[in-house]
Amino acid sequence: MAWVLKKNIIELLLFIELDHWDLAHNRFERFQRQFTALLKKTGEQRVLTFVSLVKSSYEQPGKVTPEALDDMVKSSFTYVGRDKEDIFVLSFYAWLKARIEKRALYEVTLELVSLA
């Protein structure tokens with residue numbers, strides 16, 4: 001299930017990167033239909049929070065500022081430490097942060113890995 005979930009998130013991010021809003025919108029809806037109940041049942045609220053932040057940042061780019069993103073991430077997510085956190089998961093957050101701050105993804109990922 002984890003692999004399918006990550007694959008769907010990657011597809012969503014790819015459509016956003018390619019500016020295919022129609023396809024991204026369809027993926028958002030499909031993701032919510034397929035995974036919301038399951039993620040709530042398993043206690044994976046941070047995935048739902050991440051997807052909603054991605055959707056907000058894409059639909060209303062000025063609404064999600066770097067300061068607001070930091071506040072939302074700090075209040076919504078718990079960090080398990082650099083040695084336990086999955087680099088793949090950190091890369092998803094780095095993508096969102098890089099997009100909002102208009103910075104290079106690689107640079108932001110390295111920053112998050114060193115801070116985690």
Side-chain angles (χ1 to χ4, degrees):
M1 183 192 102
W3 185 86
V4 173
L5 184 66
K6 290 175 184 176
K7 178 187 101 41
N8 280 287
I9 292 173
I10 290 171
E11 285 178 347
L12 179 63
L13 300 181
L14 177 66
F15 289 136
I16 290 172
E17 281 293 315
L18 296 174
D19 284 327
H20 295 302
W21 173 239
D22 295 343
L23 295 172
H25 183 71
N26 288 339
R27 292 289 185 210
F28 277 122
E29 289 181 1
R30 190 177 110 201
F31 185 88
Q32 288 175 331
R33 259 192 332 268
Q34 282 185 323
F35 295 107
T36 300
L38 179 65
L39 291 170
K40 285 182 180 178
K41 188 173 92 173
T42 59
E44 288 292 333
Q45 187 62 37
R46 69 183 190 161
V47 176
L48 296 172
T49 303
F50 174 76
V51 171
S52 70
L53 286 172
V54 169
K55 187 174 183 178
S56 295
S57 72
Y58 189 72
E59 289 178 342
Q60 301 168 346
K63 180 183 172 190
V64 181
T65 63
E67 297 82 23
L69 176 66
D70 284 340
D71 291 341
M72 284 186 252
V73 168
K74 287 176 186 172
S75 66
S76 302
F77 303 109
T78 55
Y79 293 102
V80 294
R82 180 176 48 188
D83 55 334
K84 294 180 184 175
E85 187 64 77
D86 183 11
I87 186 72
F88 203 63
V89 172
L90 279 175
S91 297
F92 285 135
Y93 299 121
W95 177 86
L96 181 60
K97 185 172 182 172
R99 185 164 176 88
I100 291 171
E101 294 179 355
K102 296 178 179 29
R103 294 172 50 199
L105 175 59
Y106 182 73
E107 174 186 318
V108 175
T109 303
L110 288 178
E111 183 180 294
L112 285 177
V113 168
S114 66
L115 292 176

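Note that the structure is a prediction, hence the values are computed from the model and not measured.
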Same cluster (ILVMFWY, side-chain, under 4.5 Å), Leu12 and Trp3: yes

The salt bridge (Lys or Arg N to Asp or Glu O under 4.0 Å) partners of Lys55 (sequence neighbours excluded) come to none

Holding to side chain to side chain donor-acceptor pair (under 3.5 Å), I want the full list of residues that pass it with His25, two or more places apart in sequence or in another chain. Glu29

The criterion is side chain to side chain donor-acceptor pair (under 3.5 Å); which residues satisfy it with Lys6, sequence neighbours excluded? Asp86

Side-chain heavy atoms of Leu5 within contact of Leu39, under 4.5 Å: yes

side-chain contact (heavy atoms from CB on, under 4.5 Å) partners for Lys41, two or more places apart: none

What distance separates Ser52 OG from Glu59 CD, expressed to the nearest 0.5 Å? 10.5 Å

Glu44: what forms a side chain to side chain donor-acceptor pair (under 3.5 Å) with it, not counting sequence neighbours? none

A side-chain contact here means heavy atoms from C-beta on lying under 4.5 Å apart; do Leu23 and Leu14 qualify? no

Excluding sequence neighbours, so at least two apart, what forms side-chain contact (heavy atoms from CB on, under 4.5 Å) with Leu110? Tyr106

Considering residues at least two apart in sequence or located in another chain, which fulfil the side chain to side chain donor-acceptor pair (under 3.5 Å) criterion with Glu101? Arg103

Do Val54 and Val4 share a hydrophobic cluster (ILVMFWY, side-chain heavy atoms under 4.5 Å, transitive)? yes

Which residue in the set Val51, Asn8, Thr42 passes side chain to side chain contact (heavy atoms under 4.5 Å, CB included) when paired with Phe35? Asn8

Applying side-chain contact (heavy atoms from CB on, under 4.5 Å), name anything that partners Thr36, two or more places apart in sequence or on another chain. Gln32, Lys40, Leu48

Does any non-hydrogen side-chain atom of Phe92 lie less than 4.5 Å from one of Leu13? yes

Using the test ring-ring contact (aromatic ring centres under 6.0 Å, His included), find all partners of Phe15 that sit at least two apart in sequence or belong to another chain. none

Side-chain heavy-atom pair Ile10, Phe88 within 4.5 angstrom cut-off: yes

Under the ring-ring contact (aromatic ring centres under 6.0 Å, His included) rule, collect the residues that match up with Tyr58, sequence neighbours excluded. Trp21

How about NZ on Lys7, more than 12 heavy atoms from neighbouring residues, nucleotides or ligands closer than 6.0 Å, or not? yes

In short, salt bridge (charged side-chain N to carboxylate O under 4.0 Å, His left out) pairs touching residues 12-21 with sequence neighbours left out are Glu17-Arg99

Partners meeting side-chain contact (heavy atoms from CB on, under 4.5 Å) with Asn26 (sequence neighbours left out): none

Taking all non-hydrogen atoms of both residues, which atom of Val108 and which atom of Ala94 are closest, and how far apart? CG1-O, 3.6 Å

Are Tyr93 and Leu105 co-members of a hydrophobic cluster defined by side-chain heavy atoms under 4.5 Å apart? yes

